[in-house]
Each structure stands twice: as structure tokens, then as C-alpha cells.
Amino acid sequence: MSFDTHETSAFRPHSSHWGVFTAAMRDGELVVRPHAGDSDPNAILQNFPTALRHRARIAQPMVRRGWLERGPGPDRARGRDDFVPMAWDAVLDLLGGELRRIRDSHGPGAVFGGSYGWASAGRFHHAQSQIHRFLNCAFGGYVASVNSYSSGAASVIVPHVLGEYEKLTKHNVTWDQVAQHSEVVLAFGGMALKNAMVAGGGISDHVERGAMRSARARGCEFILVGPLRSDLPEEAGAEWIANIPGTDTALMLALVHTLVSEGLHDRAFLERFTTGWPVFEHYLLGTTDGQPKNAAWAAPITGVAAEAIRALARRLHGRRVLVTVAHALQRAEHGEQPVWMGAVLAAALGQVGLPGGGYGYALGAIGYYGRRANAVPGPTLSQGRNRHGNYIPVARIADMLLNPGTTYRYNGQTRTYPDIRLVYWAGGNPFHHHQDLNRLRQAFAQVDTLVVHEQAWTATARHADIVLPATMTLEREDIGYSSHDPLMVAMHRIAPPYAEARDDYDIFAGLSRRLGTEEAFTEGRTAREWLHHLYARTQQGLRDLGLPAPAFEEFWEAGRLRLPQAADDGGPWRAFREDPDSNPLPTASGRIEVFCATIAGFNEASCPGHPAWLPPIEVPGPGASLHLVANQPATRLHSQLDFGAHSLASKRRGREVAAMHPQDAAERGINDGDIIRLYNLRGACLAAVRLTTDIRPGVVQLATGAWYDPADPHEDRPLCVHGNPNVVTRDAGTSALAQGCTGQLTVVEVERFTGNLPPIRAFDPPA
Ligand code: PGD
């Protein structure tokens with residue numbers, strides 16, 4: 001890798017979702033060093049050096065040949081066609097014309113601009129903010145998406161039953177409280193460090209490992225409930241209860257049943273702070289359906305012995321217990337239930353609102369949970385107002401594109417899918433994040449035009465009609481800020497843009513010029529002027545607190561600014577516990593809703609009025625099939641920089657590595673290091689296999705993020721030769737309540753792959 005310009009031998013500050021760092025060009029090579037103050041830096045940073053000038057980068061604007069020759073319209077050739085390079089002016093003219101055509105003939109409601117994705121850390125060049133601002137301010141609106149692939153179920157159910165979702169995750173039990181107060185941390189789905197290593201907007205110190213180490217040294221007991229032992233770090237010294245995936249709600253019900261039947265539940269807390277307990281208790285004890293949800297009932301469902309469940313319940317009684325539930329659990333069918341039931345368990349233990357106790361929903365799922373909030377506002381680019389207003393729950397995109405005009409249920413409403421003609425994406429990779437990718441390909445074949453801004457040739461870019469090369473974060477100036485990290489970072493430019501790549505901002509400015517709305521989008525500012533403008537909000541916040549507020553130039557020169565943080569006060573649940581009448585929760589009753597009349601009133605069989613065990617549709621058949629846990633990767637953020645050295649080093653024979661129990665492998669004649677084929681009716685992918693006893697038998701684990709790489713893109717259900725689990729996951733909502741993503745858990749068959757090993761072409765630019 002060599003650079004002929006912009007040799008910056010001095011280390012300059014920069015930031016990413018996976019950590020603050022400094023970087024310099026040394027002898028033509030990019031050198032990246034983690035932030036000196038980071039106690040546990042994230043090795044993912046080392047994907048940058050090889051990624052910066054990798055052949056997978058997009059060098060120039062490209063237009064799909066079929067779209068150019070036949071014009072916009074539904075086309076099965078997407079993802080199979082070749083591309084024609086085009087000059088920037090010409091491609092922006094072309095796209096400007098297409099945007100006008102769609103708006104004039106169909107209106108902004110024919111444009112899907114949800115554009116879900118993590119994009120990059122800088123707050124100005126944040127691609128989601130840029131695209132939404134462009135569509136709102138310069139185009140006239142768009143069909144949006146709501147909620148996230150991360151927490152689709154939780155973010156909808158929590159406001160009904162517990163209060164503000166954002167507060168539950170970001171203003172609640174902190175890592176400091178865990179270190180100082182928790183006696184037992186009962187972690188459903190664990191708290192894997194790979195997840196907490198990442199925080200949107202940047203993170204300057206990874207504290208989770210240290211907090212667990214301190215808690216453990218003080219005598220705190222960690223109990224991991226889940227099929228993968230690696231979901232808590234060694235420092236936690238955890239006891240492992242390896243339940244069958246997707247059965248946590250049944251286990252929690254049995255724990256509460258034991259507490260109730262042995263008189264160990266906190267009646268006074270339930271009476272004072274919750275509503276609807278008696279209705280739930282009838283279900284729990286089986287007076288409504290004849291089936292007590294006791295330990296004997298839960299044992300065959302969960303794969304955990306009845307006596308072990310009872311013993312665990314007794315062990316929780318009378319101690320400072322923190323119940324955590326990982327996001328992963330709600331990224332599955334009926335994902336609302338473990339979220340709700342975790343709160344009911346914490347309430348039955350009477351722990352909600354105590355320091356280091358209660359319900360730490362999603363603690364450890366991401367780096368900005370379990371920390372103190374900044375006391376001053378951060379830089380935020382206004383996205384303007386969407387005058388169109390229509391939206392879909394984010395994970396229903398394929399349903400929307402395949403079924404325009406049909407109705408679906410969401411959060412108590414019956415809604416109608418719009419008729420989308422143009423899909424515009426910047427900063428996300430649906431061929432990474434969506435489920436049942438063969439179905440997604442059919443869905444994308446329906447639209448007139450698919451536009452993608454990308455830095456690299458992801459499968460999403462390959463399926464686009466118009467591909468616009470975007471700069472990588474290292475190639476632009478920005479401000480790194482996360483709401484719960486005290487370090488605001490002046491992200492200096494480290495390298496010049498790759499080939500003809502442009503900032504998303506410049507691309508949208510060029511398009512808005514063609515639409516006659518440039519001023520509305522840019523407000524007459526250059527990118528540098530925007531940084532000044534956005535910084536002023538934080539500066540004012542500091543002034544309001546009577547603190548020194550350095551000028552922008554001073555901040556830029558220093559490279560960072562340490563911000564004041566709010567107190568660790570336990571948030572709304574502490575205040576509620578101290579005085580529930582003065583500080584009610586923002587639920588309908590002002591209490592924790594163990595039975596929720598609002599949800600019951602929606603009449604959804606898939607989400608009744610109290611937490612319940614609802615068996616999943618897909619379960620492994622006897623003998624043949626396995627549960628597939630498709631979780632977050634450890635060596636990259638989602639699919640980002642999968643072509644970087646650190647991510648590549650984790651693969652075997654170029655493929656993503658799946659973990660399997662030796663017992664399951666032996667039954668299938670599979671050896672460590674073999675290539676396996678994971679398949680079901682939806683599709684198939686290859687992976688290399690690693691055998692380990694740190695996984696429950698009956699479960700195979702394959703992380704997300706290996707770029708989709710079809711052996712023959714012309715087939716309808718091609719084999720992904722690289723190991724993207726989303727070719728086999730199920731594209732169905734969590735329930736009619738939240739319609740969240742269910743990609744975490746599915747059922748597959750696994751066999752040894754004996755054919756000729758197809759080459760990996762995911763990182764080669766298309767013809
Ligand atoms: P990323 O790989 O981060 O995944 O899905 P998401 O789409 O966020 O994609 C971001 C893309 O943005 C990358 O392709 C990157 O190159 C591009 N990009 C980065 N910076 C810029 C920029 O400045 N400009 C432009 N134009 N592009 C940029 C993540 C999603 O996946 C999430 S959040 C979760 S939690 C889900 N998890 C699962 C799961 O557990 N199991 C399954 N099966 N599936 C999941 N999918 C979900």
C-alpha cells in the first residue's frame with residue numbers, strides 16, 4: 001500500500017464506533033494506535049490499515065448496464081449485471097433526473113429512504129443524518145423506517161410496560177454500580193465484551209472488563225444463562241447455565257414460580273410498584289390453563305434440570321441481584337417476552353431501583369450503556385422534518401417491497417405497505433443486516449431504481465443501479481461524540497479520498513443543486529463551517545454550566561475536549577423506588593406493568609397482555625437439525641471492513657468460522673477445520689468449523705458480517721461460499737406488536753462439504 005500524497009508523519013486524532021485512536025502515514029503505510037487513555041482497546045482498529053486502499057474500495061461512480069440500457073424498472077438482473085463507469089457530473093445529472101421523475105409521477109411516498117445502518121462515527125458526515133436531511137430538506141420527504149435491527153422488540157414493548165426505552169438502557173444501572181454493589185449478576189444471554197467494545201459515535205475507554213473484574217474480586221457472582229460460554233469474559237468467573245436457545249422466558253417463569261411457591265417473592269414490592277400481578281400469577285400458577293409454569297415444566301423446554309432451576313431461584317432470594325437480558329434474546333421470534341419477563345423477575349425479587357440491582361436490560365450490549373451521560377449536548381446535524389411521514393418497522397423492508405398495498409399489524413395499529421419505486425441507501429448494508437437474503441434479492445428486484453452510496457463493493461452496492469463512491473472516515477474531518485463518553489474528538493483527516501470517492505455531504509449537495517434546493521440542504525456552509533456550527537452547541541452547553549468553553553480552533557488544535565458528566569443516580573427507576581407517587585413511570589399506570597391492559601387490548605396472539613411462554617414456530621427436529629445462533633462478530637463491526645487484516649485473520653481457508661460441539665460434529669462426520677454447509681429451505685452457506693465444548697450441544701454458532709458471496713449469482717438461491725448466516729435466517733417479525741428483527745436464531749441442517757471449494761470473490765470489484 002503506498003500513498004503519493006498527504007504523507008502525515010505526525011499522529012493525528014480520529015475516532016470510530018469501535019474506539020478513539022490516533023493515526024499517521026509512515027513510509028506510505030497507515031499506522032493506527034489506540035487512544036492512550038483506553039484501558040482495554042479494541043483490536044478491530046487494526047482493520048483500518050489494510051482497508052484504506054483495498055481493492056474492495058469503490059473507485060468511481062458506476063451505473064448498472066441493464067438500468068442504463070433498459071431504463072428504470074423492476075429487474076431480476078440486479079446483482080447479476082455488470083457496471084458502466086460514469087463521470088460525477090453525468091451521474092449526478094442522471095440521478096437528479098430520476099429523483100425528479102419519481103417525485104413528479106409518484107410523490108415522495110414512493111421513495112424508501114430508511115437507509116438503516118451504522119455508517120461511521122463522525123457526527124457531521126454521519127451518513128444516516130446526511131441522507132435523511134437531504135430527503136427531508138432537498139427532496140420533500142420519504143418513507144422512513146422506525147426502530148432498529150438491534151432492539152426492535154425491546155424498544156416497542158418497554159414503553160408500555162416499564163417506561164422510556166432510552167432511559168432503561170442509558171440511565172439505569174452503571175458498570176460502577178456493578179463493580180461496587182451487585183452480589184449476583186444473572187445475565188441472560190451474557191454480556192460479551194465484543195459487543196460492549198462498540199459504541200455509536202466513538203468510545204475512549206472500554207470499561208466493562210475492568211468492572212467485571214472488580215465486581216468478581218469483591219465477591220460478586222456472575223451467572224451466564226445462554227448457549228455460548230464466551231458470552232461472559234473470563235474476568236467474570238461465571239457459572240454457566242447452558243439453556244436451549246430461545247427458552248429464557250420459560251426459565252424465568254420457572255424461577256418466579258419457585259419464588260412464589262416457596263414464598264420468596266417480594267410481595268410488598270409487587271403491590272406497591274407494579275400493576276397486574278394477580279392476573280399474571282394466575283397464568284404462572286396454572287389456574288388459567290391448568291399448567292403451572294414450574295421448574296418441572298420448564299426443564300424439558302429449557303434443557304436445564306428442574307432442581308438446578310429451583311436452586312438458582314433460592315440463591316437469588318435476599319441478595320442484591322442484577323438481572324440482565326441481552327439484546328440478542330429479543331432478536332428472535334417472540335423477542336418481546338424475555339424483555340418483559342426479565343423485568344418481572346427483577347420485580348419479584350424486589351430489586352428494581354437499588355444500586356447495582358434490579359433490571360439492567362441490555363447492559364453490555366453496546367459501549368454506551370451502563371455509563372454516565374454527558375452533561376452537555378453534543379454536535380448533532382439536524383435531519384429536518386419529514387413532511388411525508390409514512391414509515392415501516394425497519395426489519396419489514398422485504399415485506400414492504402414484495403407486498404405493496406397489503407396491511408400488517410404494528411403496535412396496535414393496522415398499517416398499509418406503501419408502493420416504493422426508488423430505494424436510496426447510504427451508510428448501511430442490508431445484505432448484511434437483513435434476513436433471508438434470497439428473499440431480499442427478490443424484493444430489490446421489484447423497484448425501479450436502487451441507489452447506494454458506499455465506500456466498498458458490498459453486496460448491497462453490487463445490487464444497486466447507481467453506485468456512488470463515498471469517502472471513508474479517515475479521509476475527512478469530523479467530530480467524534482457519543483452521549484455517554486466524556487471525550488469529544490477532533491477527527492483530523494488522515495489520508496486523501498480514495499480515487500474519485502466523495503463525501504456523502506458533497507454528493508447530496510451536488511444533487512440538491514440539481515433539484516434547485518441546494519441552500520436548503522447546505523445552508524451555505526462548507527463541511528468545515530458545519531463543524532464550527534455543530535461544535536457551538538457543546539460550547540454553549542459548557543458556558544451554561546459556567547465551565548471553560550474553548551473556541552473551535554483551540555479544540556481542533558488540542559484534538560480532544562473532556563466533557564462534564566451527569567451523576568450516577570440510578571435514573572428513573574431509582575427515583576420511582578424512592579417515591580413512586582411523585583416519580584411515576586411513564587407507563588399507563590405509572591407502575592411496572594406485569595399485566596398491561598394496553599397490550600392486552602391489541603388482541604395479538606403473538607404478544608398477550610402479560611409475559612408468557614410462546615413456543616417458536618421453528619424448532620430443531622430430532623437428530624438432524626441444529627439451532628443456529630447468528631450473533632455479532634468479534635473481529636469487525638457488523639460487516640464493516642470485513643476485508644481488513646484483523647477480520648481476515650479470524651477466517652479459515654478464507655471462510656467465516658462456525659463453532660460446533662464435538663458431539664454434534666462426530667454425529668455428522670465433521671472434523672475441526674472442515675468446511676461445512678449450513679442449509680435449510682431458504683438457502684445455504686459454507687463456513688469453516690471450529691469444534692469447542694464451550695457451546696451447548698445441538699447449537700451451531702456463526703457470526704454475522706462475512707460479506708455475502710454467491711457462488712453463481714444467476715441462481716435464485718445461490719450458495720454463499722463465504723459464510724453469511726443471513727442466507728438461512730427467517731424473515732419474520734418478532735410479533736405483531738413490534739415486528740422486530742428475528743435474525744439471531746434459526747434452525748439449520750449441517751453437513752460436511754465435500755465438493756470443490758469455490759473461490760471467495762466477495763472482495764473483488766465487479767466487472
Ligand atoms: P454495517 O456492516 O455496519 O451493518 O447492520 P448495518 O447495516 O448497520 O453497515 C454499514 C455500512 O455503511 C457498511 O457497508 C460501511 O461500508 C458503510 N459506511 C460506513 N461509513 C460510511 C459513510 O460514511 N458513508 C457511506 N455512504 N457508507 C458508509 C447492522 C445490523 O445487523 C444490526 S445493528 C444488528 S444488531 C443486527 N444483528 C443481527 C443479528 O444478530 N443476527 C442476524 N442474523 N442479523 C443481524 N443483522 C443486524
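Counting convention: from 1, in listed order, for ligands and their atoms alike. Since this is a predicted model, take the numbers as computed values, not measurements.
Nearest-heavy-atom check against atom 34 (C) of ligand 1 across Tyr149, Trp425, Trp707, Trp457 picks out Tyr149.
With hydrogens and angles disregarded, a donor-acceptor distance shorter than 3.5 Å links the side chain of Gln330 to the backbone of Ala154. A distance-only check finds a donor-acceptor pair linking the side chain of Arg514 to the backbone of Gly510 [under 3.5 Å].
Of the N or O atoms in Ala470, none lie within a sub-3.5 Å distance of an N or O in ligand 1. For ligand 1, none of its N or O atoms has an N or O atom of Asn631 under 3.5 Å away.
In Ser639, the parts holding a heavy atom less than 4.0 Å from any atom of ligand 1 are both the side chain and the backbone. Residue-level proximity to ligand 1 for Asn726 is carried by the side chain, the only part with a heavy atom below 4.0 angstrom. Under 4.0 angstrom from ligand 1, the non-hydrogen atoms of Arg476 all belong to its side chain. Contacts between Gln632 and ligand 1 below 4.0 angstrom, taking non-hydrogen atoms only, involve the side chain exclusively. By the criterion of a heavy-atom distance under 4.0 Å, the side chain of Gln435, and not its backbone, is placed next to ligand 1. If you look at His434 next to ligand 1, there are no close heavy atoms at all, none under 4.0 Å. Both the backbone and the side chain of Ser150 come within 4.0 Å of ligand 1, counting heavy atoms alone.
Here the protein heavy atom with the shortest distance to atom 20 (N) of ligand 1 is Ser120 OG, 2.6 Å. Regarding atom 39 (C) of ligand 1, its nearest protein heavy-atom neighbour is Ala630 O, 3.5 Å. In terms of protein heavy-atom proximity, atom 22 (C) of ligand 1 is closest to Asp504 OD2, 3.5 Å. Among all protein heavy atoms, the one lying closest to atom 7 (O) of ligand 1 is His433 ND1, 2.7 Å. Annotation: atom 15 (C) of ligand 1 to nearest protein heavy atom, Glu454 OE2, 3.5 Å.
Residues Ser120 and Thr473 bring no donor and acceptor atom of their side chains to less than 3.5 Å of each other.
With contacts defined as side-chain heavy-atom distances shorter than 4.5 Å, the pair Arg57/Trp457 does not qualify. Between Leu381 and Arg123, every side-chain heavy-atom pair lies at or beyond the 4.5 Å cut-off.
Under the 4.0 Å criterion applied to side-chain N and carboxylate O atoms, Arg493 and Glu475 are not assigned as salt-bridge partners.
Heavy atoms of Gly427 come nearer than 4.0 angstrom to ligand 1 in at least one pair.
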